[in-house]
Amino acid sequence: MKPVIVVHGGAGKIVKELDETYRLGVKRAVLKGYDVLRQGGSALTAVEEAVIVMEDEPIFNAGHGSVLNEKGYIEMDAIIMDGKNLDSGAVSAVRNIANPIKLARLVMEKTDHMLLTCEGATLFAKAQGIPETPNDTLITERSRKRWMKNLKENSNPIADQIGLGTVGAVAIDCEGNMACATSTGGLTNKMVGRVGDTACIGSGGYADNNVGAVSTTGHGESIMKVILARLILHYMEQGKSPEEAADAGLNYMKSRVEGTGGAIIVNSSGDWTAKFSTNQMSWAAVKDDQLHIGIYHGENNVIPLEKAL
């Protein structure tokens, strides 16, 4: 089986002057994940490593660069899932760690649970030796300014979510095993303790070797209402291609709950797609030694992998 990996940097509206920063971010992430796969590594490790790159990149709304809640704190959600056995681990409303996706994998591998939240997630992180990262060191000036702007009367935090996106990755490895990973800082100026779709299995992501792997992005409450990741896989089980299934899922979410978003998908044959109903979504993929990158509808820039490296 030839390995394939796809990543996204979030669906929304990306201002033109940040185009290249987003492209570089998803490119670095997908190449990191593909390097794992090329060396015979697992899809699970590949998606984790790809997401870590984006959590460490301040342009993305995940890890360092996450948005602030109404009290000025960063609370993050993440999920990872193994398509081989349907094992999954997730954390929600976790504070003071740099890479929530690492903690999500530890929840999957070191506990009997699938989701730890808030204080419990923090205590588990300490027990696992994950260093505490002060809130202030995770906050970017961009996030702080956005938070302060939305503290004013008559502000619109939802509209101000422009250019902010959840990050995610899906992959299939040489053995045919699939995995997904998704990480986010959530909605800017959200209520303390708000948890969106990302940490919810079937909404923020899902992976099943029998069908495919999906990572979603967009308006979390809408995604949860339709259980978007699993819905897309349901359409694939009915015989739709990844592209057709993504369109069907996103169209249903739009018509049923007026929600917009995006998704990246890979199936058990290694076919993949990156689809979105928002204005833009940064994404990248590697298959057959070719790097694909896009942001706008209909865009698919193809670069030979040797040249990209």
Side-chain angles (χ1 to χ4, degrees), residues 8-12 18 21-22 25 29 48 51-80 89-107 115-126 128-152 155-168 181-200 204-205 215 217-221 223:
H8 70 75
L18 293 178
T21 307
Y22 277 95
E48 180 188 18
V51 166
I52 287 171
V53 170
M54 292 183 284
E55 288 178 334
D56 291 340
E57 169 52 64
I59 195 68
F60 297 116
N61 178 21
H64 181 61
S66 292
V67 298
L68 312 186
N69 67 17
E70 60 184 354
K71 297 297 183 182
Y73 290 96
I74 286 176
E75 292 183 328
M76 299 164 286
D77 307 333
I79 191 169
I80 193 166
V91 292
S92 65
V94 66
R95 298 184 182 187
N96 302 116
I97 64 169
N99 298 110
I101 199 65
K102 289 184 179 181
L103 188 59
R105 184 166 182 177
L106 288 171
V107 171
L115 171 62
L116 292 180
T117 192
C118 201
E119 183 184 1
T122 301
L123 291 172
F124 177 66
K126 290 180 180 178
Q128 293 298 311
I130 291 181
E132 184 173 329
T133 304
N135 187 65
D136 284 349
T137 66
L138 294 172
I139 297 174
T140 63
E141 189 60 26
R142 183 175 176 230
S143 292
R144 193 185 300 277
K145 285 181 178 178
R146 181 176 277 106
W147 169 70
M148 292 181 69
K149 175 184 174 183
N150 285 296
L151 290 176
K152 298 175 183 177
S155 63
N156 187 345
I158 300 300
D160 206 43
Q161 195 75 8
I162 289 172
L164 298 174
T166 297
V167 304
T182 313
S183 182
T184 189
L187 292 175
T188 187
N189 291 67
K190 62 189 176 183
M191 292 177 66
V192 174
R194 180 264 186 185
V195 176
D197 65 292
T198 294
C200 301
S215 172
T217 173
H219 183 245
E221 281 71 13
I223 290 172

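Numbers here are sequence positions counted from 1.
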For the backbone of [Y] and the side chain of [X], can you confirm whether one donor and one acceptor N or O come within less than 3.5 Å of each other?
X	Y	answer
His64	Thr137	yes
Lys126	Glu132	no
Asp197	His219	no
Glu75	Val192	no
Asn189	Trp147	yes
Thr182	Thr198	no
Glu57	Ile59	yes

Is [Y] close to [X] at the side-chain level, that is, under 4.5 Å between some pair of heavy atoms?
X	Y	value
Asn69	Arg95	yes
Leu106	Phe124	yes
Thr166	His8	yes
Lys149	Arg146	no
Glu55	Lys102	no

Roughly how far, to the nearest 0.5 Å, is the [atom2] atom of [Y] from the [atom1] atom of [X]?
X	Y	atom1	atom2	result
Met76	Ile101	CE	CD1	11.5 Å
Leu103	Leu116	CG	CG	7.0 Å
Ile80	Arg105	CD1	CZ	5.5 Å
Tyr73	Leu138	OH	CG	13.0 Å
Thr217	Ile223	OG1	CD1	6.0 Å
Ser215	Ile79	OG	CD1	9.5 Å

Open item on the list: Quick one, Leu68 with Ile74, criterion side-chain contact (heavy atoms from CB on, under 4.5 Å). Give me CA distance, side-chain angles, the key distance, then yes/no.
Closed with: CA-CA 5 Å; Leu68 312 186; Ile74 286 176; 3.5 Å; yes
Taking every non-hydrogen atom, the tightest pair across [X] and [Y]:
X	Y	answer
Ile97	Ala125	CG2-CB, 4.2 Å
Gly185	Lys190	O-NZ, 2.7 Å
Ser66	Ser143	O-OG, 3.2 Å
Val53	Gly25	CG1-O, 4.5 Å
Ser183	Ala62	O-CB, 3.7 Å
Gly72	Asn135	O-ND2, 3.4 Å

- [ ] Could you tell me whether Glu221 and Arg194 have a side-chain N and a carboxylate O separated by less than 4.0 Å?
- [x] yes
Task: Which residues share a side-chain hydrogen bond (donor to acceptor under 3.5 Å, both in side chains) with Thr21, sequence neighbours left out - done: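 By the side-chain hydrogen bond (donor to acceptor under 3.5 Å, both in side chains) rule, Thr21 matches no residue at all.
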Open item on the list: Using the side chain to side chain contact (heavy atoms under 4.5 Å, CB included) criterion, which residues pair with Ser92? Sequence neighbours excluded.
Closed with: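 Scan of Ser92 (side chain to side chain contact (heavy atoms under 4.5 Å, CB included), adjacent residues dropped) gives Asp77, Leu115, Thr117, Val195, Ala199.
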TODO: Quick one: do Val91 and Val107 satisfy side-chain contact (heavy atoms from CB on, under 4.5 Å)? Show the steps, please.
DONE: CA-CA 8 Å; Val91 292; Val107 171; 3.9 Å; yes
Open item on the list: I'd like to know whether CD of Glu119 has more than 12 heavy-atom contacts from other residues, nucleotides or ligands below 6.0 angstrom.
Closed with: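 No, the 6.0 Å shell around CD holds no more than 12 heavy atoms from other groups.
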